[in-house]
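Every chain is numbered from 1, with letters handed out A, B, ... down the list of sequences.
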2 protein chains.
Amino acid sequence: MQLPVDTAKHQVDTVRVDDDARQRLIACVELLFFAYRDFTSDPDRLLDQYGFGRAHHRVLHFVSRNPGLRVADLLLILQITKQSLARVLKQLIDEGFIAQRSGKEDRRERLLFVTIKGAKLADRLTDLQVRRIAEALEKAGPEADEMTRRFLFAMIGEKDREKVRELIRLTGASLPEPANAERPIPEDAT
Amino acid sequence: MQLPVDTAKHQVDTVRVDDDARQRLIACVELLFFAYRDFTSDPDRLLDQYGFGRAHHRVLHFVSRNPGLRVADLLLILQITKQSLARVLKQLIDEGFIAQRSGKEDRRERLLFVTIKGAKLADRLTDLQVRRIAEALEKAGPEADEMTRRFLFAMIGEKDREKVRELIRLTGASLPEPANAERPIPEDAT
DNA sequence: AATTTACGTCAGTGATGTTGACTTATTTGG
DNA sequence: CCAAATAAGTCAACATCACTGACGTAAATT
């Protein structure tokens, strides 16, 4: 590529002390961009073969991991609008990757489940991502596993952290300070 | 949210040994999604005020960090098409955030630079992201800094790693095995 | 019985990406 | 020196994924 060198025109004689620290943090910013770019590239290729996009992937993934998820939950997780979700969800249902059932207690709710077909695709997609992460953790060193989870968790907006902690349901030392050790396990489940 | 519990219908009696490991890896997959979602949310809010999107941010960032970047370089970095870049780049130029100059040696090249205005916005955006990362690293622990960079770097597709290493120009122990200690520093620079 | 809730849907819009083809200016190589 | 390759810009058409706002329907709640 032959990139030119940054001659640091801006912030010339500001605090030199944390200048180095800032450079390392900016490296993190850029690394996160590249890491995510490539993290999504493997699934994207597979999804293309089904005529699906990243939006389909996210829906399929979270429904697969959380059978009986409600539409409202999905909206909270993905932080998109009902209309955005509707399109991809409809496709996934129409093509037999996701099935829905009315809730027993509240029949307004549509509980979402993956079909066998959907589970297969979800697993293939997850395998691709798990493989890349496993390799990266191995390359990063023995303690990268835990450290990375702690870092990524801390990157989440404070308001959503508890929700995410419940969602990914990782117990033990894997995440910092569970704040509330009680984990009321609902018994309905599928 | 009251999410139902995964009853693990799939891969029932396969290897139980790394089942736990797989769960932790899947947690990483999901954490990366949430982390990136929130990582981009701060800049997005600021960009909105300028009528810009994420695409503008990426262009502005890399031009700001690499003055004199060529269009072709940008295409390699962002991995988008010329047409996608053209739209946002044109806007950034028209609105005075980025300036271009023909290359001295090769006058076909259009070298890109941020203007003062562009540098200010780029710095504000970077500050937002740096702040979130700094906080997350602090919460994750003392060695998260280095570990996280190693992990993120290893997440990058093997073919692009060297390019990225040059681009983010982090030396020393910050990244694993530089492979080639020689770093020929081009002297043209701006 | 009225309100709220969960979900679906219609219509319109915008940001960002894609492909393919073509032009212009400039450098390079036989 | 002229042909080919290269860097960049441009046009047209299109897909995906997000948005807003409004409205409908069924079921639960008050």
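Residues that satisfy the side chain to side chain donor-acceptor pair (under 3.5 Å) test with A/Asp127, not counting sequence neighbours, are B/Arg22. Here B/Asp48 pairs with nothing under the side chain to side chain donor-acceptor pair (under 3.5 Å) rule; sequence neighbours left out. Scanning for side chain to side chain contact (heavy atoms under 4.5 Å, CB included) contacts around A/Glu135 gives A/Arg131, A/Lys139, with sequence neighbours left out. With sequence neighbours left out, A/Lys120 forms a side chain to side chain contact (heavy atoms under 4.5 Å, CB included) with A/Ile116. The side chain to side chain contact (heavy atoms under 4.5 Å, CB included) test applied to B/Gln100 returns B/Ile93, B/Arg110, B/Leu112, not counting sequence neighbours. For B/Glu109, the side chain to side chain contact (heavy atoms under 4.5 Å, CB included) partners at least two apart in sequence or on another chain are B/Arg70, B/Asp106, B/Leu111. Legend: residues meeting side chain to side chain donor-acceptor pair (under 3.5 Å) with B/Thr126, ordered by chain and number and at least two apart, are absent. Among residues two or more places apart in sequence or in another chain, the salt bridge (charged side-chain N to carboxylate O under 4.0 Å, His left out) test is passed with B/Lys90 by B/Asp94.
With hydrogens and angles left out, the side chain of A/Gln83 and the base of C/dG12 share no donor-acceptor pair within 3.5 Å.
Side-chain contact between A/Leu152 and B/Phe34 is absent, with no heavy atoms from C-beta onward closer than 4.5 Å. Annotation: side chain of A/Arg132 is in contact with side chain of A/Asp38 (closest heavy-atom distance under 4.5 Å). No side-chain heavy atom of B/Phe52 sits less than 4.5 Å from a side-chain heavy atom of B/Leu46.
Both A/Gly103 and A/Ala55 sit near DNA chain D, but only A/Ala55 has its closest nucleotide nearer the 5' end.
Atom-to-atom, CG of A/Leu112 to P of C/dC7 comes out at 8 Å; the value is rounded to the nearest Å. The nearest whole Å value for the distance from the CG atom in A/Leu75 to the C1' atom in C/dC7 is 9 Å. The CZ-C1' distance, from A/Arg70 to C/dG8, rounds to 16 Å in whole Å.
Contact check of residues 84-92 of chain B against DNA chain C (heavy atom, cut-off under 4.0 Å) returns B/Ser84, B/Arg87. Using a 4.0 Å cutoff on non-hydrogen atoms, the parts of residues 41-54 of chain A near DNA chain D are A/Gly53, A/Arg54, ordered by number.
Residue B/His56 has no polar side-chain atom (N or O) positioned under 4.0 Å from OP1 or OP2 of C/dA15.
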Scoring nucleotides 22-30 of chain C by protein non-hydrogen atoms under 4.0 Å (B base, S sugar-phosphate only, - none) yields ---BBS---
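Close approach of DNA chain D to chain A, defined as any atom under 4.0 Å from a non-hydrogen atom of the protein, starts and stops at D/dC17 to D/dA28.
A donor-acceptor pair under 3.5 Å is absent between the side-chain atoms of A/Lys82 and the main chain of A/Val71, judged by distance alone.
Nearest heavy atom pair, residue A/Ile77 against residue A/Leu69, reads CD1-CD2, 4.2 Å.
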